[in-house]
Amino acid sequence: MEPVQKLFFKQDAVAVAQKLLGKVITCDGCSGMIVETEAYKTDPASHAYKITPRSEIMLKTYGCWYIYFVYGMYYCLNITTNGLEEPGAVLIRALEPMEGIARMKQRRNTDDITNLCSGPGKLCSALAIDRTFNGSTIAGQMKLFHYKDFPERRITISTRIGIKEKNPLPWRFFLKGNRFVSKAKP
DNA sequence: TGAATGATCACG
DNA sequence: GTGATCATTCAT
């Protein structure tokens with residue numbers, strides 16, 4: 001598998017979100033194919049709507065892992081995009097597990113492989129991703145590779161999950177019919 | 001439907 | 001300092 005180049009992320013977050021489907025993340029001996037993403041730019045629901053110490057990485061970098069702690073118990077994994085052009089990031093919402101499944105099952109305390117990485121908090125737990133990776137590049141310990149390319153007809157576009165926005169943006173992308181995608185609320 | 005659980009941020 | 005909020009998950 002070919003590593004994804006950092007320059008790939010110097011473009012619009014929405015475009016990156018769609019193109020990330022089918023790429024593979026490797027970390028700590030485990031790997032999985034990205035099957036669900038969401039884009040965040042400078043819209044009101046984005047951390048980059050107002051730049052703070054936490055979100056500054058979205059303004060200053062691209063091609064870097066952005067990991068934050070939510071709800072007192074979970075981590076979310078993002079990759080920064082575009083940098084100074086327009087701050088943005090793509091949230092990785094679900095993976096199709098590939099390697100290291102036994103370890104993921106252990107960390108997630110389940111035998112159901114569709115329950116290992118089918119949510120942003122779940123996949124961080126499965127791959128042992130925490131704040132120590134925040135700010136590192138995609139060429140560091142946690143890496144990103146080209147694997148498959150999916151045509152538009154294999155992709156579903158919907159609004160983002162778990163955030164409240166007045167005018168919901170169609171910035172969520174997932175593989176049509178894939179069983180490892182997170183369960184969307186109705 | 002609501003509890004768990006703590007970092008982050010706005011306010012002053 | 002204090003209080004509200006939170007890009008979630010799980011059990012009830």
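In what follows, chains carry the letters A, B, and so on, assigned in the order in which the sequence lines appear, proteins first and then strands, with residues in each chain numbered from 1.
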Heavy-atom closest pair, residues [X] and [Y]:
X        : Y       : result
A:Leu127 : A:Cys27 : O-SG, 3.7 Å
A:Leu77  : A:Trp65 : CD1-CE3, 3.3 Å
A:Ala13  : A:Thr81 : CB-OG1, 3.4 Å
A:Tyr62  : A:Thr80 : CA-OG1, 3.2 Å

Protein-nucleotide distance ([X], atom [atom1]; [N], atom [atom2]), rounded to Å:
X        : N     : atom1 : atom2 : result
A:Arg54  : B:dA7 : CZ    : P     : 12 Å
A:Arg160 : C:dC6 : CZ    : P     : 13 Å
A:Asp130 : B:dG6 : CG    : C1'   : 15 Å
A:His47  : C:dT5 : NE2   : P     : 15 Å
A:Glu36  : C:dA7 : CD    : P     : 16 Å

**OP:** Flag yes if more than 12 heavy atoms outside A:Lys50 fall under 6.0 Å of its NZ atom; otherwise flag no.
**Re:**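 It does not: A:Lys50 NZ has 12 such atoms or fewer within range.
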
Original post:
What pairs with A:Glu165 under salt bridge (charged side-chain N to carboxylate O under 4.0 Å, His left out), at least two apart in sequence or on another chain?
Top reply: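 Here the qualifying residues are A:Arg160.
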
**OP:** Sticking with atom P, work out how far B:dT5 lies from C:dT2, rounded to a whole angstrom.
**Re:**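 After rounding to an integer number of Å, I get 22 Å for this pair.
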
Subject >> Proximity to DNA chain C (any heavy atom under 4.0 Å), residues of residues 90-128 of chain A only >> reply: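 Per residue number, the list reads A:Leu91, A:Arg93, A:Arg108, A:Gly119, A:Pro120, A:Gly121, A:Lys122.
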
Subject >> Sorted by number, the residues of residues 59-86 of chain A with heavy-atom contact under 4.0 Å to DNA chain C >> reply: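 Only A:Tyr68, A:Tyr71, A:Tyr74, A:Cys76, A:Asn78 qualify.
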
Original post:
Side chains of A:Ser125 and A:Arg107: do they bring a donor and an acceptor to under 3.5 Å?
Top reply: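 Result is no, nothing qualifies.
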
**OP:** Step by step, work out the side-chain contact (heavy atoms from CB on, under 4.5 Å) result for A:Val16 and A:Thr37.
**Re:** CA-CA 9 Å; A:Val16 172; A:Thr37 60; over 6 Å; no

Original post:
Distance from A:Met1 atom CE to A:Lys23 atom NZ, nearest 0.5 Å?
Top reply: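 Between atom CE of A:Met1 and atom NZ of A:Lys23 there are 11.5 Å.
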
Original post:
Is DNA chain C part of any stem, that is, at least 3 consecutive Watson-Crick or G-U pairs with both distances under 3.5 Å, and where?
Top reply: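 Looking at DNA chain C, the stems formed by three or more consecutive pairs are B:1-4 with C:8-11, B:6-11 with C:1-6.
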
Subject >> Pairwise ring-ring contact (aromatic ring centres under 6.0 Å, His included) hits with a residue in residues 67-106 of chain A, at least two apart >> reply: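 Every pair satisfying ring-ring contact (aromatic ring centres under 6.0 Å, His included) with a residue in residues 67-106 of chain A: A:His47-A:Tyr68, A:Tyr66-A:Tyr68, A:Phe69-A:Tyr75.
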
Subject >> Partners passing side-chain contact (heavy atoms from CB on, under 4.5 Å) against A:Thr42 (at least two apart in sequence or in another chain) >> reply: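 A:Thr42: side-chain contact (heavy atoms from CB on, under 4.5 Å) contacts with A:Glu86, A:Pro87.
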
**OP:** Examine C:dC6: is either OP1 or OP2 under 4.0 Å from a nitrogen or oxygen in the side chain of A:Lys164? Give yes or no.
**Re:**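 Yes, A:Lys164 has a side-chain N/O under 4.0 Å of OP1/OP2 on C:dC6.
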
